[in-house]
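Presented below is the structure to which this report refers.
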Amino acid sequence: MPLFSKILIANRGEIACRVIKTAKKMGISTVAVYSDADSNSLHVAMADEAIHIGAAASSESYLKIDTIVEACKQSGAQAVHPGFGFLSENASFATALEKAGIVFIGPGKRAIEVMGDKIESKKLAESSGVNTVPGHTEALDDTDRALEIATQIGCPVMLKASAGGGGKGMRIAWSLDEVKDGFTSAQNEARSAFGDDRVFVEKYIERPRHIEIQVLADQHGNCIALGERECSIQRRHQKVLEEAPSPFIDASTREAMQEQAVALANSVDYCSAGTVEFIVDSQRNFYFLEMNTRLQVEHPVTEFVTGLDLVEQMIRIAAGEKLPMQQSDVELQGWSLEARVYAEDPDRNFMPSIGRLSHYLPPEEATITLPSGDQATVRVDTGVFEGGEISMYYDPMIAKLVTHAKTRENAIAAMSDALERYVVRGVSHNIPFLSALVAHPSFKSGELTTGFIDEHYPEGFDSSKLGTAQDAESESVCGLALITVPALFAEHKDRTRAGGIDNQLRRSSVTAAEAGAYGKQYEHVSTYAVLLGDTTQTVEVTDRHQPDAITGSSITVRCNGKSAKITSSWVPGQPLFIAELESDASNGQDVFSAQISRHGNNWSVSHGGQVSTISIMSPETAQLQARMPVKQAADLSRFLLSPMPGLLLKLSVVEGETVKAGQELAVVEAMKMENVLVAMQDGVVKNIPETVGASLSVDQVIIEFE
Ligand code: ADP
C-alpha cells in the first residue's frame with residue numbers, strides 16, 4: 001500500500017500538534033477535529049483542514065466514534081492517528097474505522113481488547129513467559145475471597161480494578177483489616193468509574209521503580225524493542241518526569257526486559273508502537289504491569305535516544321511498510337529527560353488551574369551550549385499559545401519539555417536551564433515544582449522510586465521555601481541570597497529609568513554645557529535595603545551609567561565587605577531575567593536566570609523551584625516600615641471557599657445544620673476530577689450563597705458558618 005495522502009488526527013492539544021508536525025514532514029495532508037471549546041486552538045491552526053465535531057465535553061466530541069468516522073468520510077482522510085487518551089485504546093473505534101474502510105494508525109483490535117483488561121493481559125503475560133506481580137488473576141467475588149487471597153500473598157497488597165487506567169482504580173492495603181474495609185468500596189468505585197466492577201488483588205511491591213519498554217512491530221511479523229524509559233517520578237500514580245535510559249538498569253536486565261516485552265507483543269500479533277510497563281524492585285526483579293497499545297506521552301525521550309520518529313514509524317507501519325531496522329541495529333545514544341508542564345498549582349496541593357495564558361514564552365527549541373561547554377538539545381511539544389485558554393474540559397497539560405545530551409548530568413542541567421526560562425503567566429503552573437525536582441540531590445544521584453514525591457515532600461510542596469537542600473554558598477552573592485539579585489537589579493533599573501525620564505524633561509531648560517555632559521558616562525552610587533522574609537540587608541550599588549544604560553548594563557554590588565559585578569540586558573517589563581555574575585569568590589562568570597514580576601512595591605522572583613517576595617527600598621524607608629503595625633490576616637475559618645475554579649456538583653449540608661470536623665460539605669468538579677470538600681472544624685452552617693450547578697471561581701464562598 002502506498003503511503004497515505006491525507007490523515008485525520010482524532011485528538012487535541014500538544015499530541016495533535018505533534019502528529020501534524022510529522023505528517024507535514026512526510027508530505028501528508030492533515031485534518032484536525034475540534035470541539036466548541038477548541039475552535040481557536042493550535043492544532044486547528046496547524047492542520048490543513050479542520051472539522052467541528054461537537055460540544056466542549058469530550059463525551060460530546062472527542063469520544064464520539066460516529067462523528068469522527070463521518071469526519072473522515074467528509075474529508076477523504078484515509079487513516080486516523082488517535083494520539084493518546086480519548087479513543088486511542090478503544091477497540092470499538094478501531095472496528096468502526098475498519099468497517100468504513102479507514103486505516104487505524106495503531107495495533108489490531110484483539111491487542112487493544114486483551115491489553116485493555118488488567119486481568120486478561122496478566123494471564124496472557126503469564127502464559128508468554130513474562131514475569132508478573134505475585135497475586136491472583138481472577139476477579140474476586142466477595143470480601144471473604146479477597147481476604148483469603150490476601151492472606152496467601154501476604155500484606156501489603158494492592159486491590160486493582162481490572163478495567164482501571166490513568167492511575168485510577170487502585171488502592172493499597174497494608175493489613176487484612178484494610179482489605180476488609182477497602183474491598184467493597186474498591187468494587188463500587190470500579191463500577192462507577194469504569195462500568196465494570198471486577199477487582200483483583202496482587203502483591204504491593206514496596207519502593208519500586210516504574211520502568212517500561214518501547215516496542216515497535218510491523219505487519220510482517222517483525223518486532224523490535226527500543227530500550228527503556230524510567231518513569232518513577234509520579235504523583236498519584238501519574239508520571240511527572242521521565243527519562244531514557246534508566247539510571248538503574250544494567251545491560252543484562254535491559255536485555256531480559258526487552259525479550260519479555262517482545263514476547264508479549266508477539267503473543268497478540270502486535271503491530272504499531274506499544275509500551276510494556278514493568279515495576280522493578282530494589283534487586284532489579286521486574287514484573288509486568290500492563291501494555292499500553294498506543295503512543296505514550298513520554299515517547300519523545302525514546303525518540304531522542306534512538307533517533308527515530310515514532311509517529312512516522314506508526315504511519316509507515318499502518319500503511320504496510322516493513323520496519324526500517326532489526327534489533328541489532330538499535331543504538332541508544334545519550335540521555336533524554338522529559339518534564340510534564342501542567343496548569344496546576346503545586347502550592348495548593350496541585351489544584352488544576354484554568355484561564356487565559358497572558359504570557360506564554362517557552363524556551364527555544366535549539367541545541368544549546370551548557371556552562372560546562374557540552375551541548376544539549378531542547379524540544380518543546382506544546383499545544384497552546386500566548387493569549388489562548390486552558391479550559392476546564394480537558395487534561396491540564398500545557399506542554400512537554402524534553403532535553404537530550406551525552407550524559408544524564410548534562411540532560412538535567414539543560415532541563416534546569418530550560419525550566420528557568422519557561423515563562424507561563426495567567427494560570428498557575430508546576431514549573432517551580434519541576435525545577436525543585438530536577439535540582440533535588442536524590443534525583444540527581446538517580447535514587448528514584450515511585451514514592452519519591454511523597455517521601456521528599458511529605459507536607460506537600462511550598463515554593464516559598466527551597467524545595468531542595470541547596471548549597472548556601474553557591475546560592476548567594478556577597479552573602480546576599482541569589483534570588484534577591486534580580487529584584488535588586490530590576491528596582492535599580494526602574495528607578496534609573498524614572499530618573500532618566502525626569503532628566504530628559506528638564507533638559508529643555510538646562511544650559512548647553514550641561515546638555516553636553518548629559519549622555520556621558522558617570523558613576524552613581526545608591527544604597528538599598530533588601531528585604532527577604534525576616535531578613536534585611538543593606539547593599540551599595542554602583543552604576544557606571546551609560547547613555548544606553550537601560551539596554552545591557554552592569555552594576556557592582558557591595559555587601560558584607562565583598563563585591564560582585566552583575567551584567568544583564570534585562571529591561572523593565574521583561575518576565576525573564578538573565579545575568580552574568582562575577583564575584584570576588586568566583587573564578588570566571590556564572591550565568592544566572594530567574595523569572596521576575598512586580599506586584600505593587602514588591603518583586604516576585606522565581607528560581608530553582610523557589611518563589612520569593614522581595615522588597616527593595618531605601619534604608620530609611622526600611623527603618624520606618626519596620627515600625628509599621630503588621631496587618632492581621634482576615635479570619636477565613638468561618639467560610640468554605642472554593643479551592644479552584646469549577647462546577648458546584650453537590651451540596652451535602654443545609655443551612656442551620658451542625659457539622660463535625662471531617663464531614664463532607666460539598667463536591668466541586670474541575671478538569672474531570674471530583675473534589676470532596678470537608679469541614680476543617682465543628683460548626684453550624686449559617687448561609688449557603690451558591691446553588692448546585694453554579695460555576696465557581698477560586699476562593700469564592702460556598703458556605704458561611706456561624
Ligand atoms: P494505570 O493503568 O492506571 O496506569 P498501572 O498498572 O500502569 O495503572 O500502574 C500505575 C502505577 O501504579 C505504577 O507505575 C506503579 O507506580 C503503581 N503500581 C501498580 N501496581 C503496583 C504494585 N503491584 N505494587 C506497587 N506499585 C504498583
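Predicted model only: the values in this text are computed from it and were never measured. Hydrogens, waters and symmetry mates are skipped; everything else that's a heavy atom, side chains included, is used. One-based numbering along the sequence shown. Each ligand, and each atom within it, is numbered from 1 in the order the structure gives.
Remark: aromatic rings of His440 and Phe452 are close, center separation under 6.0 Å.
Side-chain atoms of Glu230 and Ser232 form a donor-acceptor pair, as typed in the model, at a separation below 3.5 Å. For the residue pair Ser282 and Arg207, no side-chain donor N or O sits within less than 3.5 Å of a side-chain acceptor on the partner. Looking at Asn292 and Thr275, their side chains never bring a donor and an acceptor atom within 3.5 Å of each other. For Asp345 and Ser353, the side-chain atoms include no donor-acceptor pair closer than 3.5 Å. Side-chain atoms of Thr253 and Asp250 include a donor-acceptor pair closer than 3.5 Å. For the residue pair Gln296/Arg294, the side-chain donor-acceptor check at 3.5 Å is satisfied.
For ligand 1, the atoms lying closer than 4.0 Å to a non-hydrogen atom of Ile279 are 21 (C), 22 (C), 23 (N), 24 (N), 25 (C). Close approach of ligand 1 to Glu202 is summarised as follows: ligand atoms under 4.0 Å from at least one heavy atom of the residue are 20 (N), 22 (C), 23 (N). Applying the 4.0 Å criterion to heavy atoms of Met170 picks out, from ligand 1, the atoms 3 (O), 8 (O), 9 (O), 10 (C), 12 (O), 19 (C). For ligand 1, the atoms lying closer than 4.0 Å to a non-hydrogen atom of His210 are 13 (C), 14 (O). Residue contact check: Glu277 has heavy atoms under 4.0 Å from atoms 7 (O) of ligand 1.
For the residues His237, Arg236, Lys239, the heavy atom positioned nearest atom 11 (C) of ligand 1 is part of His237. Nearest to atom 5 (P) of ligand 1 by heavy-atom distance, out of Glu290, Gln234, Glu206, is Glu290.
Looking only at protein heavy atoms, the nearest one to atom 2 (O) of ligand 1 is Lys118 NZ, 2.6 Å. Nearest to atom 3 (O) of ligand 1 among the protein's heavy atoms is Gly167 N, 2.6 Å. Scanning the protein for heavy atoms near atom 27 (C) of ligand 1, the closest one is Met158 SD, 3.6 Å. The protein non-hydrogen atom at the shortest distance from atom 26 (N) of ligand 1 is Tyr204 CE1, 3.6 Å.
Of the polar atoms of Ile205, at least one N or O is found under 3.5 Å from an N or O of ligand 1, judged by distance alone. Taking only nitrogen or oxygen atoms, main chain and side chain alike, Lys203 reaches within less than 3.5 Å of ligand 1.
Classification of Arg340 and Glu298 as a salt-bridged pair holds, one side-chain N sitting under 4.0 Å from a carboxylate O.
Taking a 4.0 Å cut-off on heavy atoms, Lys160 registers as neighbouring ligand 1.
When all heavy atoms are compared, the tightest approach of Ser246 to Arg209 is OG-NH1, 4.4 Å.
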